[in-house]
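In what follows, residues are counted from 1 in the order of the sequence shown. For ligands, and for the atoms within them, numbers begin at 1 and follow the listed sequence.
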Amino acid sequence: MVRLADIAYPSLRQITAFLSPRRIVFGIDSRKDLAKEIRRLEGSRPLIVTYAEPKLISTVEEIVKILRSDGMDPIVYDQAEPEPRIEVAENLATYARNGSFDVVIGIGGGSAMDLAKIASMSVTNPKPVRDYLGVDLVPKKGSSLVCIPTTAGTGSEVTMFSVLSVGKKKMDVASPHIIPDVALIDPFLTATMPPQLTAGTGMDALSQAIETVTSLAATPLTDCLALTAIQLAAKWLRAACADGSNLEARSGMALAATLSGLAFGSGKLTLGHSLAQTFGPARKISHGLSCGIALPYVMDFYLPVIPERLSLIAEAMMVETRGLSVSEAGKVAIHTVTKLVEDVGIPLSLKEFGFAKGEMSELAEICAREWPRPNSPRELTDQAVREVLEKMWEGRILA
Ligand SMILES: [Fe+2]
């Protein structure tokens with residue numbers, strides 16, 4: 001059995017920083033405290049960024065009512081979209097600059113929160129959003145920012161990333177200046193997610209946590225968060241998919257997503273998200289679903305070099321590993337994750353999504369070029385990624 005205290009951390013040979021929101025408010029019905037949180041930030045003129053989606057309308061109406069009863073007059077911008085395009089971000093930036101908002105509230109899944117980050121930063125940073133794509137290119141903190149997730153997956157409510165679609169590519173604004181001031185997580189708001197969305201977003205949270213555990217940038221702090229997120233997802237994802245009204249399961253998954261966001265925000269992602277960001281957009285497969293498909297293969301890829309870290313994942317998933325070698329325990333982790341992916345109805349091969357085997361080499365080349373991960377414990381060469389993608393195409397795990 002491997003203990004966290006036995007792990008050697010490459011990241012601790014250099015200076016590391018852990019980033020997070022100033023306040024994380026968590027709990028069923030915590031949305032009712034939003035006005036109080038805005039006052040705490042000394043805000044009074046809120047802009048709500050969300051999508052015009054039937055399931056979200058009543059949530060947004062309730063939030064507006066809560067704020068109005070506190071004397072505020074929120075403006076709702078509902079032109080957010082899933083996998084938001086840079087053009088949508090530019091329009092929102094212009095809208096936010098022309099208003100006199102002092103606090104931005106993002107309500108929705110990762111994309112609504114990511115766009116709220118853009119609205120907030122645009123108030124004080126006047127250039128086109130395009131100019132801020134990249135790492136640490138936002139010079140100033142924007143208006144106050146509160147993020148309220150209605151899915152349990154991306155953890156965007158606690159991270160410094162805003163992911164945008166630029167043509168066919170995914171690119172991000174990555175800056176400490178866009179970390180929300182307040183992450184307000186009310187698991188009740190996730191209860192209307194249908195099973196397929198619950199499964200996909202849950203897999204995003206699990207994948208982010210597992211990738212962070214595999215990362216060379218992981219620290220004891222990120223491991224504590226990531227391993228707890230893994231434990232919660234292992235315990236609650238099936239139940240949340242089976243019965244959306246189970247608030248205990250919804251709370252477990254909401255917490256898993258937030259912990260996963262806190263973990264990968266500083267511990268960084270590895271091959272899973274590189275693959276998901278490459279093949280997902282090619283067939284319009286959602287981000288979460290793409291993460292779920294890739295996850296067992298990514299663990300398989302890393303098993304030869306970090307078996308002790310995969311063994312920690314097995315223990316986090318509450319699987320018996322006593323008497324097993326570290327490598328055997330790592331394999332158990334892969335089997336356990338594979339079973340979870342299957343149980344929540346996610347297919348495990350790329351051919352089921354209409355890909356041809358011949359496409360794998362081009363995808364591998366794009367993946368290695370566009371999404372290199374310096375913190376990956378195995379180098380992501382074209383050939384290494386192609387071998388993983390070919391296994392994924394066939395549905396060949398641990399073979
Ligand atoms: Fe993700």
So which of the N, O or S atoms of Asp204 lies nearest the Fe ion (ligand 1)? OD1
Kindly give the atom name of the N, O or S atom of His287 closest to the Fe ion (ligand 1).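 His287's closest N, O or S atom to the Fe ion (ligand 1) is named NE2.
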Please check if any side-chain donor atom of Asp78 sits under 3.5 Å from a side-chain acceptor atom of Thr50, or the reverse.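 Note: Asp78 and Thr50 side chains miss the donor-acceptor criterion.
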Would you tell me whether Glu157 and Thr258 have side-chain atoms, one donor and one acceptor, within less than 3.5 Å of each other? yes
Given side chains that start at C-beta, do those of Val146 and Asp181 come closer than 4.5 Å, heavy atoms only? no
Decide, counting backbone as well as side-chain atoms, whether Gln208 has an N, O or S atom less than 2.8 Å from the Fe ion (ligand 1). yes
Quick check: does His273 put an N/O/S atom under 2.8 Å from the Fe ion (ligand 1)? yes
Could you check whether Arg378 makes a cation-pi contact with Phe301, meaning its NZ or CZ is under 6.0 Å from the centre of the six-membered ring and within 45° of the ring axis?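 Cation-pi check for Arg378 and Phe301: passes.
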